[in-house]
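Heavy atoms only: backbone and side chains are in, while hydrogens, waters and symmetry mates are out. In what follows, residues are counted from 1 in the order of the sequence shown.
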Amino acid sequence: MPRKLPKSKPPKTDVVAFKVEAELADLLNKLPNKSAFIRKAIEAQLGMACPLCNGKGVVPRGAHDHYAAVLKEHNLHQCDGCGSELPLPLEPGVLDAENRSRLEQFFHGGPLYCDGCYDKAPTCDDCGWHIAPELTAEHYRQAHHD
């Protein structure tokens with residue numbers, strides 16, 4: 001039986017441009033494939049509608065009252081490195097500069113590490129996330145398949 005060839009993706013023909021700060025431009029210019037990284041980041045962000053409000057930004061009062069208590073009670077997550085429990089901030093504004101990249105990595109779908117495990121985990125050459133060596137293959141499969 002002949003093998004089916006995978007469907008090829010349509011060629012990318014449109015160009016989208018936007019302005020960024022110099023620091024972000026420097027970071028993007030260090031990536032091996034800036035376009036693929038930006039496409040994946042946009043797709044990931046657009047696919048993350050809140051499961052409570054379906055992306056509307058508001059929920060009915062009853063849902064708010066119910067889930068506010070649940071979120072306060074269950075705002076801990078285990079470090080993917082050592083297993084220690086870490087509190088999750090509910091507002092991005094409470095992130096200090098030191099913890100911002102570590103927690104943003106988790107909020108964008110990556111592993112959550114405590115400070116010590118984050119510092120020990122090597123940085124992915126493609127996206128800059130800190131990934132423990134034993135999770136590297138899975139990370140590439142999930143985050144960098146093209």
Side-chain angles (χ1 to χ4, degrees), residues 6 8-146:
S8 62
K9 294 181 180 179
K12 295 163 185 78
T13 58
D14 293 345
V15 175
V16 176
F18 55 95
K19 292 184 178 186
V20 297
E21 296 81 9
E23 298 83 14
L24 180 55
D26 290 341
L27 177 68
L28 290 171
N29 287 331
K30 292 176 185 174
L31 297 172
N33 188 337
K34 183 175 16 179
S35 294
F37 177 84
I38 293 170
R39 274 194 303 277
K40 287 179 184 177
I42 291 170
E43 288 169 358
Q45 193 62 36
L46 292 175
M48 297 284 180
C50 170
L52 296 178
C53 71
N54 293 319
K56 295 176 190 167
V58 295
V59 294
R61 179 178 301 272
H64 170 274
D65 294 347
H66 173 77
Y67 286 107
V70 172
L71 289 173
K72 283 181 184 174
E73 189 176 321
H74 296 282
N75 74 330
L76 296 176
H77 188 82
Q78 287 187 331
C79 170
D80 288 317
C82 67
S84 62
E85 286 194 332
L86 304 169
L88 295 176
L90 299 178
E91 289 290 325
V94 302
L95 299 175
D96 58 28
E98 193 173 301
N99 289 309
R100 186 172 306 277
S101 60
R102 181 177 64 81
L103 291 167
E104 282 180 347
Q105 172 177 297
F106 170 72
F107 290 139
H108 289 109
L112 176 65
Y113 296 117
C114 64
D115 289 332
C117 291
Y118 185 78
D119 291 339
K120 284 189 252 178
T123 305
C124 174
D125 292 333
D126 292 334
C127 67
W129 282 6
H130 290 237
I131 306 294
E134 62 274 11
L135 300 176
T136 302
E138 183 64 22
H139 169 70
Y140 275 100
R141 214 174 5 266
Q142 289 181 347
H144 300 297
H145 67 285
D146 225 0

Asks: Roughly how far, to the nearest 0.5 Å, is CG of Leu31 from CD1 of Ile38?
Replies: 8.0 Å

Asks: For residues 117-138, tabulate all N or O donor-acceptor pairs below 3.5 Å that involve a side-chain atom, not counting sequence neighbours.
Replies:
| from | atom 1 | to | atom 2 | distance (Å) |
| --- | --- | --- | --- | --- |
| Tyr118 | OH | Ser101 | OG | 3.2 |
| Tyr118 | OH | His130 | NE2 | 3.4 |
| His130 | ND1 | Tyr118 | O | 2.7 |
| His130 | ND1 | Ala121 | O | 3.2 |
| Thr136 | OG1 | Ala132 | O | 3.4 |
| Thr136 | OG1 | Pro133 | O | 3.2 |
| Glu138 | OE1 | Arg141 | NE | 3.3 |
| Glu138 | OE1 | Arg141 | NH2 | 2.7 |
| Glu138 | OE2 | Gln142 | NE2 | 2.7 |

Asks: Please determine whether side-chain contact (heavy atoms from CB on, under 4.5 Å) holds for the pair Cys53 and Val59, giving the CA-CA distance in whole Å, both sets of side-chain angles, and the decisive distance to 0.1 Å.
Replies: CA-CA 5 Å; Cys53 71; Val59 294; 3.6 Å; yes

Asks: How long is the straight-line distance from CG of Leu28 back to CG of Asn33, given to the nearest 0.5 Å?
Replies: 11.5 Å

Asks: Are any of the side-chain heavy atoms of Leu88 and Leu71 separated by less than 4.5 Å?
Replies: no

Asks: Hey, could you give me each pair passing side-chain hydrogen bond (donor to acceptor under 3.5 Å, both in side chains) that has a residue in residues 77-87? Not counting sequence neighbours.
Replies: none

Asks: In residues 60-70, what donor-acceptor pairs under 3.5 Å come from side-chain atoms, sequence neighbours left out?
Replies:
none

Asks: Counting distance only, does the side-chain N/O of Gln105 pair as donor-acceptor with the main-chain N or O of Leu112 below 3.5 Å?
Replies: no

